[in-house]
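In what follows, every chain begins at residue 1, and chains take the letters A, B, ... in the order their sequences are listed.
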Amino acid sequence: MTAKHAFEPKIVAFLCNWCSYTAADLAGTARRKYPFNARIIRVMCTGRLDPAFVLKAFAEGADGVLISGCHPQECHYISGNYKAYKRSMAIKNLIADLGIEPERFTMTFASASEGEKFAGIVRELTETVRALGPMGRVSDRLARYSQFKQDDIVAGGEDLG
Amino acid sequence: MKHYAYYPGCSLHATAADYDVSARAVMNHLDISYSELDDWNCCGATALASDSYLFSLLAPARNLAMAGGDKGDMVVACNACYVAEKRALKAFKEGGEWSKRITEGLLRIDKEIDDDVEVLHLLQVLVNEVGLEEIENKAVRNLEGLKLAPYYGCQYSRPETEGIHPESPMDLERLLEVTGAEVLDFNRKTRCCGSSLMSTKEEHALRLCGEILKEADYRDADAIVVTCPLCQLNLDAFQPRVNGLLGSDYRIPILFFTQVVGLALGLDPKALGIGKQLTSCSGFLEKYRKGA
Amino acid sequence: MPANRIGVYVCHCGTNIAGTVDCEAVRDFAAKLPGVVVSRDYKYMCSEPGQEIIKKDIREENLDGVVVASCSPRMHEPTFQKAVAQAGLNSYMMEMANIREQCSWVTEDMDEATEKAKDLVASAVAKVRMNAPLEATYNDITPRALVVGGGVAGIEAALRIADSGYEVVLVEKEASIGGKMAKFDKTFPTLDCAACILTPKMVEVAQHPNIKLMTYSEVEKVDGFVGNFEVTIRQKARDVDLEDCTGCGICSEKCPGKAASEFDEGLSQRGAIYIPFAQAIPNVAVIDRENCLYYNGKAKCQVCAKLCPSDAITFDNEDVLVKETFGAIVVATGFQSFRPEEGNQWGFGKYPDVISGLQFERLTNASGPTDGKVKTSKGEVPKAVAIVHCVGSRDANHAEYCSRICCMASLKFAHLVKEKCKDAEVFEFYIDMRAFGKGYEEFYNRIQEEGVHFIRGKSAEVSCQIEDEGERLVLRGEDTLLGVVREIPVDMVILNTALLPQADAPKVAETFGLQQGEDGFFMELHAKLAPTKTPVDGVFLAGTCQAPRDIPDSVAHAGGAASEAQQLIASGKVKMSPVAAYNEEEKCSGCKICIALCPYDAIEFDEDKGVAVFNQALCKGCGTCVASCPTKAAGIKHFEDEQIFAQIEGVCASS
Amino acid sequence: MTHKTRVVRQEDLDPGFFDFFTSLPGGEQILSCIQCGTCSGSCPFANDMDHTPRSIIAMMRAGMVEDVLNSTTPYYCASCYSCAARCPRDINITEVMYLLKNISQVKGKYGSFYSIFGALTRRYGRMFEGELTLRAMLKTDPLKLPGFTPLGIRMFLKGKLKPLPSLIAGRGELQRLYDYAQEAGSVGREVGS
């Protein structure tokens with residue numbers, strides 16, 4: 001029986017149909033228990049991942065977002081995972097700029113046979129996000145973000161002065 | 001140039017003083033930069049773990065905590081110390097319950113283990129860090145004509161050493177081949193000599209020694225070359241007792257690899273502590289001089 | 001306009017879901033979701049009555065959307081798509097919420113599981129509201145099959161498909177078909193001779209009008225997809241003409257270059273030009289360039305060419321690349337036998353009388369290096385033979401799984417030793433005796449009655465003891481039933497080594513788009529319900545490339561794979577998923593980003609219009625182009641931005 | 001080894017012991033034992049043991065706590081790690097034996113060499129072989145002493161035996177580590193023995 005936590009983060013997980021989604025199924029058939037926090041959305045390929053999906057998830061109140069696809073060289077569509085990975089780098093910077101801790105978002109790889117690995121990924125991200133606390137409203141973060149930019153500019157100005 | 005923290009261990013200050021002498025002589029001759037670990041303590045060998053499990057991790061951990069950093073990786077000459085120190089380091093790195101207690105314990109004496117510290121056996125330093133080529137270049141004597149039986153004992157390759165087969169390590173063979181001696185294919189090279197039970201289960205330990213001496217004799221080895229002071233003591237000092245028990249008449253010199261390599265490097269047998277063995281090395285030395 | 005007459009059906013799956021998810025609560029929650037008009041729960045939605053409930057509602061409530069909350073879509077999506085279609089609803093208006101594999105089975109706490117299930121259902125409902133009816137398109141199927149691997153499994157599959165009237169190309173990387181089974185002497189449990197049952201099948205392959213045999217060849221590249229795979233096959237230069245060579249073998253006899261025979265597991269020598277074995281199909285020589293004096297530059301030689309009575313030998317040929325199209329592919333690439341590493345505790349590779357199971361097969365085979373006489377390296381008949389099970393199997397240091405065939409093979413070896421070496425003692429060391437197949441337990445009993453010593457325990461080591469008459473092998477291990485350690489002097493030790501995935505399995509997996517399990521064998525689509533299918537439509541698995549198997553199971557598995565392939569080809573048409581990307585040309589800025597990203601060159605640039613043009617036939621629906629389109633001109637059916645946004649809103653609704 | 005067939009009734013067993021042992025860090029390994037006997041067959045001292053290493057694990061599973069804690073088997077372990085290197089389930093049996101020696105009920109009888117070793121380590125910081133051998137023999141088998149004197153003398157003449165122990169500065173530190181070990185629970189304490 002899992003001990004109840006004060007804060008149960010919600011994690012939106014976009015999984016590739018060919019590997020990680022299958023891994024998630026495998027974790028199930030093997031009855032491997034992992035935190036219930038992940039909400040899985042199936043896509044045919046992580047290459048489909050539009051950065052907008054990640055932002056949308058945060059905007060809708062997700063506390064963390066996971067993308068998981070095929071291992072390098074194993075993409076069902078040759079190279080979608082690679083493109084997604086490059087995108088995920090950009091996404092990390094993007095959300096950081098928006099005042100969202102980049103740790104709330106991650107891209108991982110799990111092949112169809114790695115049920116336990118997938119369970120581990122969810123465990124880890126859940127704990128990371130739990131430690132960061134609730135996401136809160138994105139608008140608040142944007143406010144803080146602009147404030148931070150202000151200070152930034154001032155500081156910069158002083159340096160120049 | 002890499003610097004090492006040399007951990008001789010108790011035996012090398014007593015029963016295996018000749019191992020210490022030859023080890024230092026060889027290290028100096030090969031320009032290995034080292035200094036003896038300051039105020040090191042007994043590693044506990046296999047005995048402490050049988051008495052107080054946690055203390056058997058803490059005692060070697062103290063040594064580890066005093067090595068590493070600019071002191072350098074710990075280079076160990078004795079197999080038993082090698083395993084004891086590696087065992088503590090493994091427990092520490094595994095990060096489990098024991099790791100927690102090791103850290104706590106060391107805090108009591110204001111020490112902590114450097115995350116990057118490694119434990120190496122002197123044999124590995126010679127073979128992998130100095131390199132066989134270097135040793136070959138510096139060798140001035142060819143030991144051709146001498147038949148050597150390489151014997152590692154248990155704790156050089158077990159429980160596990162990265163890249164070394166637990167039953168069949170090859171480092172000693174590769175090193176001895178550089179000396180030009182004939183290196184025998186020695187089946188019992190990693191068989192237990194019973195050393196750790198010699199004081200508690202003598203007769204059985206003697207029988208295990210007998211097995212090893214028997215094969216060396218059968219392959220008419222001029223010497224058994226060892227990497228561990230405890231094996232050396234067992235096979236050398238107890239050889240007469242083995243003969244007494246089995247009615248055999250073995251007279252096989254038991255030398256440390258540092259002594260044999262030292263000879264190849266042209267160092268004087270005396271300076272290498274050859275002759276300190278209880279089993280006479282005169283026959284061996286004779287052959288060696290003939291080779292000259 | 002969004003679907004607004006949606007039916008939601010929550011499956012209990014017995015207690016599989018209901019055990020941890022409060023299905024009634026989920027049902028009531030779903031009932032309140034926008035667009036939902038019916039919400040029910042039922043013990044088994046996939047059952048006949050379960051499907052009837054859905055069909056009935058579609059007709060009576062004229063539903064325009066259906067959500068089934070049950071197992072993984074990878075399990076039952078086709079089932080429910082079919083069901084709704086039968087009731088007249090477009091099958092793409094059905095969505096599944098995976099509340100079993102990804103919810104009830106991985107969560108312990110009922111409240112948590114129920115909360116998660118609600119989110120997943122909400123997400124599915126939101127998605128289906130945004131769905132639009134889609135029509136699958138159909139492609140013609142090339143009525144030919146490719147079988148890769150000419151072992152007993154590949155042979156069986158090729159013959160089955162060929163017999164049903166379709167053309168088959170059988171590709172084998174070695175110079176002859178036959179695989180491992182061709183090396184065997186007898187087969188358990190019936191003890192009939194392997195050659196006697198395999199050779200006729202090999203000949204049948206060679207003579208079958210529908211089978212084109214390509215030996216000494218390998219699949220280089222696979223393009224296209226189910227129904228029409230375009231396969232590039234490399235025919236390695238054999239240097240011997242398949243038509244002209246009569247298989248007389250003179251070349252091999254006279255060849256000065258020698259090498260250890262692979263077929264005899266290194267127990268005999270063969271020429272650098274050689275015919276793999278007597279019953280080889282094709283019975284044609286091949287030059288092994290590594291050991292050929294001419295090729296390795298040691299001499300001009302070419303003796304074989306001079307001696308060949310039919311001028312079949314020509315040098316310096318090049319590999320030939322052949323392109324063929326197939327509707328289906330059967331992969332039957334087999335296994336490799338574990339070789340104990342240097343320094344292993346049994347002294348394999350050190351003591352000549354410690355041999356592998358395959359080596360013993362050759363030793364005891366009438367066509368083997370000793371003409372079937374079981375002898376030690378000194379040429380003596382062994383008086384004591386030890387047989388060791390689980391060498392490399394069930395071993396964390398090597399392969400953790402059970403190799404499945406070794407127990408029975410060991411019994412067979414024991415019998416053969418008893419038969420060929422009168423009054424030899426046989427000691428068999430086993431951890432567990434696994435005699436699970438038809439007639440296997442009876443076989444075990446029979447061998448027991450033959451007086452074999454069965455010792456329950458894994459033999460720990462083989463060492464050579466020094467005795468007055470010289471060295472002697474002694475095997476040491478615990479007899480766990482007696483609780484004593486036994487030391488047994490033996491003349492021969494047979495190690496029954498593990499079945500491992502082929503060394504080139506990763507390369508093969510990459511070529512055919514297969515996946516390897518944790519054990520390295522190729523993964524089937526479903527362990528129980530689709531053991532020969534793979535995640536790649538149209539590619540099937542046969543035999544030991546999927547898991548360790550004995551001959552009967554390999555043949556049965558191959559038969560299954562063959563019928564899958566036939567069924568596919570026979571259907572004549574293959575359904576193409578309508579999930580494909582498209583481009584709204586008026587929105588397209590002609591930036592060409594998508595063109596660079598498409599892995600299938602399915603997008604071209606129309607210079608006149610200055611827009612990207614998408615080729616639906618080539619598109620596989622990965623959606624990479626859509627995600628990168630700066631003007632949102634590119635879209636992809638069934639995975640539109642709006643649909644995924646809706647899913648995100650769905651799962652987040654409760655937060 | 002006894003040749004009487006024992007009938008062990010379930011109530012005579014203590015399943016709790018297995019749970020306790022597997023709860024020790026490192027003890028959990030034995031859960032994966034498949035009783036193949038590789039350890040026993042690899043053990044150079046197996047023929048002196050009252051139970052083979054494999055049967056010790058089987059007995060722990062069964063809860064034969066008395067037999068296990070009174071067994072001499074752990075005291076015949078030479079720490080050669082052959083079993084550990086070969087175990088197909090990756091169990092480090094040598095460590096299991098260490099744990100057993102720590103909780104053994106015959107520790108006083110068979111473990112004296114080890115406790116003397118421990119005491120000397122703490123007293124001097126380094127091993128003093130002469131005293132170790134002397135004390136151990138006096139404790140276990142004083143009659144053997146005369147037989148060893150000649151060897152002792154020869155070794156002394158070869159400079160292989162020191163007359164006096166060498167003391168290290170960090171003796172206090174070792175004692176503090178030992179004290180910590182005692183309170184932080186060496187395995188023995190965890191059993192409450």
Side-chain angles (χ1 to χ4, degrees), chain A residues 1-2 4 8-10 12 14 17-19 21-22 24-53 56-57 59-63 70 73-80 83-84 87 111-114 116 119 122 135, chain C residues 71-75 96 98 100-109 111-113 115-116 119-120 123 127 506 509-510 513 515-519 523 527 535-536 577 579 597 599-600 620-629 632 636 638-639 641 644-645 647-655:
Chain A
M1 190 72 176
T2 47
K4 288 261 191 298
E8 285 298 353
K10 175 160 289 181
V12 178
F14 299 93
N17 171 67
W18 304 101
C19 51
Y21 190 90
T22 315
D25 278 354
L26 187 62
T29 30
R31 308 297 198 277
R32 302 218 189 261
K33 304 287 182 261
Y34 60 89
F36 79 117
N37 309 60
R39 303 286 187 268
I40 293 166
I41 294 175
R42 176 167 71 145
V43 290
M44 295 312 282
C45 176
T46 48
R48 175 69 183 92
L49 247 292
D50 189 321
F53 298 166
K56 170 77 173 175
E60 292 294 328
D63 303 290
C70 306
Q73 308 307 321
E74 287 180 14
C75 177
H76 186 74
Y77 304 97
I78 301 171
S79 59
K83 286 152 192 159
R87 245 175 239 150
S111 78
S113 63
E114 296 177 319
E116 178 51 28
V122 174
M135 170 71 189
Chain C
C71 50
S72 169
R74 295 178 60 261
M75 183 83 184
M96 290 181 76
N98 185 342
R100 192 179 76 172
E101 283 83 348
Q102 296 178 3
C103 184
S104 70
W105 277 351
V106 292
T107 321
E108 278 159 312
D109 181 302
D111 303 344
E112 293 182 347
E115 183 188 331
K116 184 174 183 178
D119 283 0
L120 294 175
S123 167
K127 166 85 165 35
E510 201 185 329
Q515 277 152 344
Q516 293 176 272
E518 278 162 8
D519 55 12
M523 266 179 75
V536 187
S577 159
V579 176
L597 287 176
Y600 301 101
K620 304 258 193 310
C622 66
T624 307
C625 52
V626 184
S628 67
C629 179
K632 297 281 158 229
I636 178 165
H638 213 56
F639 289 90
D641 288 356
I644 293 174
F645 283 149
Q647 282 178 286
I648 297 169
E649 286 163 13
V651 290
C652 293
S654 70
S655 55

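- Ranked by non-hydrogen atom pairs under 4.5 Å with chain C, the options A/Asn17, A/Asp25, A/Ile78 are led by A/Asp25.
- Ranked by heavy-atom pairs shorter than 4.5 Å toward chain C, the options A/Arg42, A/Arg48, A/Lys33 are led by A/Arg48.
- Across C/Gln647, C/Gln516, C/Glu115, C/Glu649, the residue that shares the most heavy-atom pairs under 4.5 angstrom with chain A is C/Glu649.
- Contact detail for A/Gly47 and C/Ala627: the closest heavy-atom pair is O-CB, 3.4 Å.
- For chain A, the option among C/Cys622, C/Cys71, C/Gly623 with the highest count of heavy-atom pairs below 4.5 Å is C/Cys622.
- Ranked by heavy-atom pairs under 4.5 Å with chain A, the first of C/Met75, C/Glu518, C/Arg100, C/Lys127 is C/Glu518.
- Between C/Ile644 and the choices A/Val43, A/Leu49, A/Asp50, the side-chain contact (heavy atoms from CB on, under 4.5 Å) rule is met once, by A/Val43.
- Residue A/Ala52 touches chain C through both its backbone and its side chain, counting heavy-atom pairs closer than 4.5 Å.
- Contacts of A/Arg87 with chain C are made by side-chain atoms alone, with heavy-atom separations under 4.5 Å and no backbone atom involved.
- Heavy-atom minimum distance, A/Ser113 versus C/Met523: CB-SD, 3.4 Å.
- Of the atoms belonging to C/Ser628, heavy atoms from both backbone and side chain fall under 4.5 Å from chain A.
- Options A/Pro35, A/Ala27, A/Ala38, A/Ala119 differ in how many heavy-atom pairs under 4.5 Å they form with chain C, and the most are formed by A/Ala38.
- Interatomic distance, C/Asp119 CG to A/Ile40 CD1, rounded to the nearest 0.5 Å: 12.5 Å.
- Interface remark: A/Arg31 contributes backbone and side-chain atoms alike to the contact with chain C (heavy atom separation under 4.5 Å).
- The two residues A/Phe36 and C/Lys116 make their nearest non-hydrogen contact at O-CD, 3.4 Å.
- Contacts between C/Leu597 and chain A at a heavy-atom distance below 4.5 Å involve backbone atoms as well as side-chain atoms.
- Here the side chains of A/Trp18 and C/Val536 are not in contact, with every heavy-atom distance at 4.5 Å or above.
- A cation-pi geometry, defined here as NZ or CZ lying under 6.0 Å from the six-membered ring centre and within 45° of its normal, holds between A/Lys56 and C/Phe645.
- The heavy-atom pair separating A/Ala57 from C/Cys652 by the smallest distance is O-SG, 4.2 Å.
- Chain A forms the most heavy-atom pairs under 4.5 Å with one residue out of C/Gln515, C/His638, C/Glu510, and that residue is C/Gln515.
- Both the backbone and the side chain of A/Tyr21 have a heavy atom closer than 4.5 Å to some heavy atom of chain C.
- With respect to chain C, the highest number of heavy-atom pairs below 4.5 Å among A/Thr22, A/Val12, A/Thr46, A/Leu26 belongs to A/Thr22.
- When atom types are taken as modelled, the side chain of A/Lys10 and the backbone of C/Val651 share a donor-acceptor pair closer than 3.5 angstrom.
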